Structure formats: structure tokens, C-alpha cells
Amino acid sequence: MAKQLVHMSVNGRRIEKAVEPRMLLVHFLREECQLTGAHIGCETSHCGACTVDVDGQSVKSCTHLAVQCEDSEVLTVEGLAQGAVLHAVQEGFYTQHGLQCGFCTPGMLMRAYRFLQENPNPSEEEVRAGMSGNLCRCTGYQNIVKAVLHAAAKLQQTEKVAA
Ligand code: FES
Ligand code: FES
């Protein structure tokens with residue numbers, strides 16, 4: 001099939017590539033942009049290991065075509081840290097032991113990043129519901145909930161200091 005030019009900003013970098021219209025966003029990120037943090041854990045849109053942020057929303061990149069993201073702003077796990085400084089969600093997962101094999105982690109982090117903007121002061125129940133599109137086979141979720149609550153507290157604190 002004829003290739004189509006696609007343009008998007010990925011982690012603040014402008015990208016232009018010719019791709020087949022059937023190319024999934026997750027394959028575009030992993031194979032064309034060498035951003036291999038986003039993973040593929042299913043073919044049924046359930047696991048969320050492929051979650052990235054597109055134009056301010058968490059999306060499962062296995063369920064989007066790259067060409068549908070023309071002119072979009074895409075953020076992947078590789079774009080979360082500012083230089084050597086981890087984002088609060090990364091710090092939360094690290095300090096609260098919210099990962100083991102790490103396969104679900106990039107998707108979990110990207111979902112947590114957006115969820116905490118949707119709901120900056122969530123209850124445990126709200127964290128569980130807000131993260132329910134992301135499956136993990138290792139942690140039993142308990143420490144992931146703690147990690148997200150830790151990040152929420154840290155982000156609130158940072159905001160207070162800035163105000
Ligand atoms: S790879 Fe499982 S939801 Fe995308
Ligand atoms: S840490 Fe292994 S799947 Fe979540």
C-alpha cells in the first residue's frame with residue numbers, strides 16, 4: 001500500500017515519516033522512532049502496556065493508527081523525566097516498589113501521569129478505577145496504588161511551593 005507522510009511532535013521533537021496507513025502508533029513509536037518503552041502485551045486492547053499520552057489524553061497506542069495522529073502532540077515514557085530529574089510518578093513507582101518485571105511500567109507511568117492531572121487528589125478507590133485500563137501480572141497492584149498516591153502528594157507539595 002502507498003505510504004503516507006505523517007507529522008507529529010513526539011516528546012517535543014518534530015517528526016516527519018512516510019508510513020503505511022495501517023501502521024499502528026505503537027509500531028510507529030517503537031520501530032520508526034526507536035522509542036521502545038511502550039510495550040505490547042495483547043491484541044485485544046486490554047492490557048494498556050502500550051499507553052501513551054496523545055493531545056492530553058491517555059491512549060492505547062496499539063489501537064490508534066500513526067496516520068490518525070497527524071499533527072498530534074505525543075508524550076511517551078522516555079519524555080517524562082526532565083534531564084536527570086525523575087517525574088513524580090517515576091519517583092513514586094521507584095520508592096514504593098510499584099514494579100517488578102517492568103513490562104507494564106511505561107504504560108502505568110503514562111496513565112498515572114495523565115490520571116493525576118484529571119484527579120490531582122484521588123482516593124485509593126479512585127486510583128484503582130483510574131488505572132483500571134492497565135494490567136500487571138507481577139505486583140498485585142497494591143504498591144502501584146501506593147506509588148500513585150505518593151506521586152499525588154509530591155505533585156501537590158510542588159504546587160504549594162510554587163504558589
Ligand atoms: S498492547 Fe495491550 S492494550 Fe495495547
Ligand atoms: S511489573 Fe511485571 S507486569 Fe507489572
Side-chain angles (χ1 to χ4, degrees), residues 1 4 6 8-11 15 17 19-81 86-119 122-155:
M1 186 171 288
Q4 201 172 312
V6 63
M8 65 181 89
S9 152
V10 181
N11 300 334
I15 301 228
K17 299 241 178 225
V19 299
E20 286 194 7
R22 66 178 178 171
M23 178 172 256
L24 296 172
L25 178 60
V26 69
H27 290 138
F28 179 82
L29 294 170
R30 291 179 54 84
E31 291 159 26
E32 298 290 330
C33 306
Q34 283 73 52
L35 294 170
T36 55
H39 291 144
I40 301 166
C42 73
E43 294 182 334
T44 49
S45 304
H46 280 81
C47 76
C50 62
T51 303
V52 298
D53 207 79
V54 179
D55 296 332
Q57 284 194 309
S58 300
V59 310
K60 293 181 172 177
S61 59
C62 70
T63 312
H64 271 55
L65 299 170
V67 293
Q68 286 175 303
C69 299
E70 174 68 14
D71 274 336
S72 288
E73 298 272 341
V74 178
L75 185 71
T76 72
V77 72
E78 290 87 349
L80 272 188
L86 294 182
H87 187 277
V89 292
Q90 294 171 305
E91 188 196 297
F93 274 68
Y94 173 59
T95 61
Q96 303 304 308
H97 306 287
L99 65 143
Q100 290 179 36
C101 77
F103 194 88
C104 72
T105 314
M108 288 283 182
L109 290 171
M110 294 317 295
R111 177 58 195 138
Y113 166 81
R114 181 52 55 191
F115 171 66
L116 290 177
Q117 293 179 55
E118 294 163 359
N119 185 350
S123 65
E124 173 175 342
E125 208 169 283
E126 287 168 338
V127 171
R128 288 184 184 274
M131 303 290 294
S132 59
N134 293 72
L135 302 182
C136 175
R137 66 188 171 183
C138 302
T139 63
Y141 301 101
Q142 189 64 25
N143 286 359
I144 289 179
V145 175
K146 283 192 201 160
V148 177
L149 291 172
H150 178 100
K154 165 121 200 216
L155 287 168

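Given the structure is predicted, the values throughout are model-derived calculations rather than measurements. We count ligands from 1, going down the list as the structure has it; atoms in each ligand are counted the same way.
Residues F103 and H39 come closest through the heavy atom pair O-ND1, 2.7 Å.
Ring planes of H87 and Y113: perpendicular class, angle over 60° (limits at 30 and 60°).
Residues N11 and E78 have side chains that never bring a donor and an acceptor to within less than 3.5 angstrom of each other.
The protein atom (non-hydrogen) at minimum distance from atom 3 (S) of ligand 1 is G48 N, 3.2 Å. The nearest protein atom to atom 1 (S) of ligand 2, hydrogens excluded, is given as Q100 N, 3.2 Å; this is a heavy-atom distance.
L35 has its side chain out of reach of R30: every pair of non-hydrogen atoms, C-beta onward, lies at least 4.5 Å apart.
Centred on atom 4 (Fe) of ligand 1, the SG atom of C50 and the SG atom of C62 lie at an angle of 100°, reported to 10°. Angle subtended at atom 4 (Fe) of ligand 2 by C104 SG and C136 SG: 100°, rounded to 10 degrees.
Between E118 and R114 there is no salt bridge, since none of the side-chain N atoms of the basic residue sits less than 4.0 Å from a carboxylate O of the acidic one.
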E126/N119 under side chain to side chain donor-acceptor pair (under 3.5 Å): CA gap, chis, key distance, verdict = CA-CA 9 Å; E126 287 168 338; N119 185 350; 3.3 Å; yes
Which is it for S58 and R111 under the side chain to side chain donor-acceptor pair (under 3.5 Å) test, yes or no, and what are the steps along the way?
-> CA-CA 6 Å; S58 300; R111 177 58 195 138; 3.0 Å; yes
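In the vicinity of G41, heavy-atom distances shorter than 4.0 Å reach the ligand 1 atoms 1 (S). Near C47, meaning under 4.0 Å from any of its heavy atoms, are these atoms of ligand 1: 1 (S), 2 (Fe), 3 (S). Taking every non-hydrogen atom of R137 and a distance limit under 4.0 Å, the qualifying atoms of ligand 2 come out as 3 (S). Set against the non-hydrogen atoms of G102, the atoms of ligand 2 under 4.0 Å away are 1 (S), 2 (Fe). Of all the atoms in ligand 2, the ones that sit under 4.0 Å from a non-hydrogen atom of C101 are 1 (S), 2 (Fe), 3 (S).
No part of E43 comes within 4.0 Å of ligand 1, judged by heavy-atom distances. Within the 4.0 Å heavy-atom criterion, the part of S45 lying near ligand 1 is the backbone and not the side chain.
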